[in-house]
Amino acid sequence: MSKPTLALVGATGAVGTVMIDIMNGRKEWPWGEVRLIASPRSAGKKITVRGEELTVIALAPEVFDGVDVAMFDVPDEVSAQWAPIAAERGAVAVDNSGAFRMDADVPLVVPEVNSDKIADRPRGIIANPNCTTLSMMAAIGALHREFQLQELVVASYQAASGAGQDGIDRLQAEYAAVAGKDLGGKAGDVREALAAAGLSQEGSPFPAPLALNVIPWAGSLKEDGWASEELKVRNESRKILGIEDLKVSATCVRVPVVTTHSLAVHARFAEPVTVEQARAIFSAQPSVVLVDDPEKGQFPTPADVVGGDPTYVGRIRQALDFPNTLDFFVCGDNLRKGAALNTYEIAEQLAKR
């Protein structure tokens, strides 16, 4: 039997570049042919995959002919148009955008949590969750299997790269503008430094300065003052875990970190749970790394996690005054497990099937 053919749409983008790095580092290689696909302006570029120099081809319907699995690392509007075309041509589309996540006929998959949903894909499309939800889902899913999750309160601390390359570029430009200056003595210092460097707030992907600051906002405005990122955490957690009435509240905060999202999680379960039990469960998960020794100052931080594939968990505590509840802190590289890696792991599962 011939090996399946894999296509990567968005091969030259920020997440696509991480995807190729992941592909190059995998021990097992189930694919026969790989096609790298991007917009016409990127067509013709040369990229090496597994030691073979491949030429990027322009996105068009015929590029999906003979493709078994097509991974999409592109904006929502591009996925919305092209993922159905890939499916019509016979490929299973694995989409990393938000275009199909809440579609009832599209499974929202985290392989460690609900890999059984991969086979249930009426539209020929599988969705990858948002990077914030993904950063905690391996840990939450493992606890849910044992203790039945009922309520989830989350505060996220989201990196600039969650806003794409524009977010990375803006944060680095702001860092350069404030470096070496004595700032913070009065309100407006940071804004004045950015303005002096020609960085207007109107041209920023963030609603306030991010350097030397935190912004209690991520995404777009939705009803009743909620941000879109906060509602994604709620709705996607319910769908992935299969708990339609799960009580979820999230506050999403943008922090001056280039890459890696962090979350402070407060989770209540139907069954009693102890810190010792949680540590044992996390330690048994292949994709979770336990870093939890407060006496030695050991707990996950973005600077230690960036570039890694697992979810890192620490600061595990029995919630005071709340029965059957745990508090803990998680970190996950939002460009790897939060985007590219989970997409590729779904593709690997499809190749095995």
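We're numbering straight along the sequence, starting at 1.
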Value rounded to 0.5 Å, distance of [atom1] in [X] from [atom2] in [Y]:
{"X": "Arg336", "Y": "Ser135", "atom1": "CZ", "atom2": "OG", "result": "13.5 Å"}
{"X": "Asp95", "Y": "Met71", "atom1": "CG", "atom2": "CE", "result": "12.0 Å"}
{"X": "Ile20", "Y": "Ile47", "atom1": "CD1", "atom2": "CD1", "result": "4.0 Å"}
{"X": "Asp68", "Y": "Lys3", "atom1": "CG", "atom2": "NZ", "result": "13.0 Å"}
{"X": "Arg268", "Y": "Gln148", "atom1": "CZ", "atom2": "CD", "result": "11.5 Å"}
{"X": "Ile126", "Y": "Asn96", "atom1": "CD1", "atom2": "CG", "result": "13.0 Å"}

Are any of the side-chain nitrogens in [X] or [Y] under 4.0 Å away from the carboxylate oxygens of its partner?
{"X": "Glu348", "Y": "Arg26", "result": "yes"}
{"X": "Arg315", "Y": "Asp292", "result": "no"}
{"X": "Glu174", "Y": "Arg170", "result": "yes"}
{"X": "Asp120", "Y": "Lys117", "result": "no"}

Donor-acceptor contact present, side-chain [X] to main-chain [Y], <3.5 Å:
{"X": "Asn342", "Y": "Gly338", "value": "no"}
{"X": "Thr133", "Y": "Pro129", "value": "no"}
{"X": "Asp76", "Y": "Gly98", "value": "yes"}

Could you tell me whether the side chain of [Y] reaches within less than 4.5 Å of the side chain of [X], counting heavy atoms only?
{"X": "Lys239", "Y": "Arg101", "result": "no"}
{"X": "Ile240", "Y": "Met137", "result": "yes"}
{"X": "Arg353", "Y": "Gln349", "result": "yes"}
{"X": "Thr12", "Y": "Thr17", "result": "no"}
{"X": "Thr251", "Y": "Val154", "result": "no"}

Do [X] and [Y] belong together in a cluster built from hydrophobic side chains that touch within less than 4.5 Å?
{"X": "Val113", "Y": "Leu152", "answer": "yes"}
{"X": "Leu341", "Y": "Met23", "answer": "yes"}
{"X": "Val78", "Y": "Met19", "answer": "no"}
{"X": "Val233", "Y": "Leu241", "answer": "yes"}
{"X": "Val289", "Y": "Val313", "answer": "no"}

task: Identify, with sequence neighbours excluded, every residue that meets side-chain hydrogen bond (donor to acceptor under 3.5 Å, both in side chains) alongside Thr132.
output: Asn130, Gln158, Glu229
message: What verdict does the side-chain contact (heavy atoms from CB on, under 4.5 Å) test give for Trp31 and Val69, after you've listed the backbone C-alpha separation in whole Å, the side-chain angles of each residue and the deciding distance to 0.1 Å?
response: CA-CA 10 Å; Trp31 311 106; Val69 180; 4.0 Å; yes
message: Can you classify the ring geometry of Phe64 versus Trp82 as parallel (below 30°), tilted (30 to 60°) or perpendicular (above 60°)?
response: tilted
message: Thr260: which residues meet the side-chain contact (heavy atoms from CB on, under 4.5 Å) condition with it, sequence neighbours left out?
response: Pro302, Val305, Val306, Cys331, Asp333
task: Just do the salt bridge (charged side-chain N to carboxylate O under 4.0 Å, His left out) check on Arg89 and Asp65 with the steps written out, would you?
output: CA-CA 6 Å; Arg89 296 270 173 158; Asp65 291 343; 3.0 Å; yes
Within a reach of under 6.0 Å around [atom1] of [X], are more than 12 heavy atoms found that belong to other residues, nucleotides or ligands?
{"X": "Lys247", "atom1": "NZ", "value": "no"}
{"X": "Glu244", "atom1": "CD", "value": "no"}
{"X": "Arg279", "atom1": "CZ", "value": "yes"}

Does one side chain, of [X] or [Y], offer a donor that lies under 3.5 Å from an acceptor on the other?
{"X": "Asn334", "Y": "Ser161", "value": "yes"}
{"X": "Lys46", "Y": "Thr55", "value": "yes"}
{"X": "Glu53", "Y": "Thr48", "value": "no"}

Stepwise ring pair (Phe, Tyr, Trp, His ring centres under 6.0 Å) check, His266 with Phe322: CA-CA 10 Å; His266 175 89; Phe322 296 92; 5.2 Å; yes
task: Apply the test ring pair (Phe, Tyr, Trp, His ring centres under 6.0 Å) to residues Tyr312 and Phe329: give CA-CA distance (whole Å), side-chain angles for both, the deciding distance (0.1 Å), then the verdict.
output: CA-CA 8 Å; Tyr312 291 73; Phe329 193 75; over 10 Å; no
field: Minimum heavy-atom distance Ala193-Leu183, with the two atoms named
entry: CB-CD1, 4.2 Å
